[in-house]
Amino acid sequence: MKFAKQLSAALLAAVTIVGLGACGSGSGSDTSSSGASGGQIHIGRTTPFDGFKLDQELLNESYAISASVIEPLIRVGDVGKKLEPGIAKSWEYNANNTQLTIHLTPGVKFSNGKPLTAEDVAFSVDVWKKGPNYGANYASIASTTIKDPQTIVFNLSAPDTSLPAFLCYSVAGVVPKDFAGMSEDAYWQKPIGAGAFAVSKWSTDGDVVLKKNPDYYRKGYPKVDQITNSFVPDVNSVALQLKSNQIDIVNQLDTVVAKSLDQSFIADVPPHQTPTLIFNTTNQYLSNKNVRQAIGYALDYKSILKTGFNGYGTVPSSSLPPNLENSTKASNGYYKQDTAKAKQLLQGVTLPSKPLTLTYSTSLGGQAAVQIVQENLKKIGIPVELKAVDGGTWSGALSDGSFDMILFSTNANSPDLIDAPAYVAGTKMLYSQMDAAKLGQLITSYKATGDTKQKVGIVQQIDDYLTDEAPYLVLSDCKVIDARQTNIKGLNVQPWSTYYYDTLSR
């Protein structure tokens, strides 16, 4: 799931934040070498870059940059619907799904020219497991066994059939053993990876310049010699630069600005991001499930979509991101505006003595949406004070729980249905501070089975459980808008708003 940046960990999926737009589609793992090569691509981003430290990244754009340098073991193709070989040539489980054997692609090298071996993968596993956000996804790897330089076995503490999907995350990039002889802090400042590009220079709020890795293992890739990703915080400026052909691609374009563009610039993918209203359940008032459900019935989701997100998406039907294969919908329907039912749920409940604070980031947008929320809750007697903060303050409030309600946004990070629930569980029920034990049990059951029908059934239970408990409310199923020059090729945006840089060309 995706949102924010600079948290002590990386949110969602993956996570883009209330940016709402449209993205391109296509296969992200074409291994042919067709198309023009050379030159450079200039990308404009409207959010800061989180840096290269794995599992510190919170934004989708940061994921894309990081993975182009520190590539994970497995790639994703078929518009985000299947896993494909990458650094890992192949993988297989033993009979009871307690061992996963990874076979590495021969000839893979880091950008410093040194071979990537199973020892580097074993070292990387320990890095992944320490991740504050997604580390739990790799906790089932109890130990590793190196069979030879090209083969490593993950010995699992329990059956975990979802692990390959988690090996395509950018937070699971393969790093060289012992950080290539550098201190850990020095390594993250100038990382060495086996990705398509090497770092020339970067800054959080400036340019990230990536140069072609001449030792990249995928023949014919990358297609260009350089990628420059520039921070342009003003959405109007970045749109003007696109129209004047100063930049080639814009990520997370504001929906208002997107509406003003010639729509030939806009690349399209189905709605997949879920702007959410998170409740801090340590707040005495919000710890009451009836209150959270009442808020769910108070909201005007159609207006939130139309006005808050300019119609780029659909009204929600689930507590989980849509448009993954076998995605679920809440069995009894998701929340719809029903003011009478909301007031009924609040009968006998003492209203808070002061307004609840709703925090949102000015750099991530969503002002119109939170204003609608404020108006809707006023009608059922719940006073709300809006608190607009900068991105750093917002992410700090999210990570340390210093909020009553907060606007967030999530999406999946892999084709696996358990992706989003795993993120919810790993972040204290999506930062709501609610106990995640029951959700964790359902996730364990999901990972233990290899039967697709059983997996879908378990995710349905998860969806219904989250909808009933309402630690957060999905406000809309939105698109995330990417725009590009019409001569740009290979922009194959996955259903979590990221794409591979190595396929880009003109």
Side-chain angles (χ1 to χ4, degrees), residues 3-4 7-9 11 132-133 274-301 304 316 319 330 334-335 337-361 366 369-389 393-410 421 423-441 462 464-475:
F3 304 154
L7 214 50
S8 57
L11 280 191
N133 289 307
T274 55
T276 57
L277 179 66
I278 299 174
F279 304 117
N280 188 337
T281 59
T282 64
N283 177 292
Q284 183 177 1
Y285 185 66
L286 294 172
S287 67
N288 186 330
K289 183 169 73 172
N290 280 1
V291 172
R292 302 193 299 270
Q293 289 184 344
I295 293 173
Y297 287 113
L299 300 182
D300 184 350
Y301 299 93
I304 290 172
S319 288
Y334 200 65
Y335 292 95
Q337 188 176 36
D338 186 337
T339 304
K341 188 167 186 176
K343 290 181 177 179
Q344 183 180 26
L345 284 164
L346 291 177
Q347 287 182 2
V349 177
T350 302
L351 294 177
S353 58
K354 61 181 181 179
L356 296 174
T357 300
L358 199 174
T359 303
Y360 69 99
S361 170
V370 295
Q371 288 175 341
I372 294 172
V373 171
Q374 182 186 45
E375 294 169 2
N376 291 162
L377 297 195
K378 182 179 180 180
K379 292 178 180 179
I380 62 170
I382 299 177
V384 174
E385 176 182 300
L386 300 183
K387 184 178 181 181
V389 298
T393 302
W394 171 86
S395 63
L398 188 68
S399 62
D400 63 24
S402 57
F403 64 89
D404 293 331
M405 300 184 291
I406 195 166
L407 186 64
F408 186 63
S409 185
T410 65
Y423 183 74
V424 171
T427 52
K428 295 184 178 178
M429 295 291 274
L430 199 60
Y431 305 94
S432 70
Q433 312 304 310
M434 186 181 292
D435 183 70
K438 182 173 180 178
L439 179 56
Q441 292 170 0
I462 290 172
D464 293 343
Y465 168 69
L466 291 174
T467 298
D468 180 66
E469 286 294 326
Y472 61 88
L473 292 170
V474 175
L475 301 180

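Just so it is clear, the model here is predicted, and its values are computed rather than measured.
Closest heavy-atom contact between A342 and A294: CB-O, 3.3 Å. What you find for A470 and L473 is that their closest heavy atoms are CB-CD2, 4.3 Å. Nearest heavy-atom pair, G396 versus S402, reported as atom, atom and distance to 0.1 Å: O-OG, 4.5 Å. Taking every heavy atom of both residues into account, L351 and Y285 meet most closely at CD2-OH, 3.5 Å. Nearest approach of T339 to I380, heavy atoms of both residues: CG2-CG2, 3.9 Å. Looking at every heavy atom in both residues, F403 comes nearest to N280 through O-ND2, 2.8 Å.
Legend: residues meeting side-chain contact (heavy atoms from CB on, under 4.5 Å) with K289, ordered by chain and number and at least two apart, are R292, Q293, D468, E469. Residues meeting the side-chain contact (heavy atoms from CB on, under 4.5 Å) test with D464, sequence neighbours left out: A330, S331, Q460.
Rounded to the nearest 0.5 Å, atoms CD1 (I304) and CG (N376) are 6.0 Å apart. In this structure, OG1 on T350 lies 9.0 Å from CD on Q284, to the nearest 0.5 angstrom. With rounding to the nearest 0.5 angstrom, the CG atom of L356 is 9.5 Å from the CZ atom of F279. Taking CD of Q371 as the start and CD of Q374 as the end, the distance is 7.0 Å to the nearest 0.5 Å. One finds the CE atom of M429 at 5.0 Å from the CG atom of L466 (value rounded to the nearest 0.5 Å). To the nearest 0.5 angstrom, L277 atom CG is 7.0 Å from L299 atom CG.
Residues N283 and D404 have side chains that bring a donor and an acceptor to within less than 3.5 angstrom of each other. When only modelled atom types and interatomic distance are considered, S319 and T467 share a side-chain donor-acceptor pair under 3.5 Å.
Using a 4.5 Å heavy-atom cutoff, the side chains of I382 and L346 are in contact. Looking only at side-chain heavy atoms (C-beta outward), T359 and L386 stay at 4.5 Å or farther from each other. In this structure, Y335 and V474 have side chains that are not in contact, with every pair of non-hydrogen atoms separated by 4.5 Å or more. You'll find the side chain of V384 stays beyond 4.5 Å of the side chain of V373, heavy atoms only. Contact of the L407 side chain with the T276 side chain is not registered, since no non-hydrogen atoms from C-beta on lie closer than 4.5 Å. Within the 4.5 Å cutoff, no side-chain heavy atoms of L475 are placed close to those of T274.
Ring geometry for F408 against W394 counts as parallel: the plane angle stays under 30°, on a 0 to 90° scale with 60° as the upper cut.
Side chain of Y297 to backbone of L345: no donor-acceptor contact under 3.5 angstrom is found. Looking at Q433, its side chain never comes within 3.5 Å of a backbone N or O of T282 through a donor-acceptor pair. Under the 3.5 Å distance criterion, the side-chain polar atoms of T281 are matched with a main-chain donor or acceptor of S432. Within the 3.5 Å criterion, the main-chain N or O of S395 finds a donor-acceptor partner in the side chain of S399.
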Inset, instruction - Quick one: do D300 and K379 satisfy side chain to side chain contact (heavy atoms under 4.5 Å, CB included)? Show the steps, please. - result: CA-CA 11 Å; D300 184 350; K379 292 178 180 179; over 6 Å; no
Legend entry - Derivation of the side chain to side chain contact (heavy atoms under 4.5 Å, CB included) call for K387 and L358: CA-CA 6 Å; K387 184 178 181 181; L358 199 174; over 6 Å; no
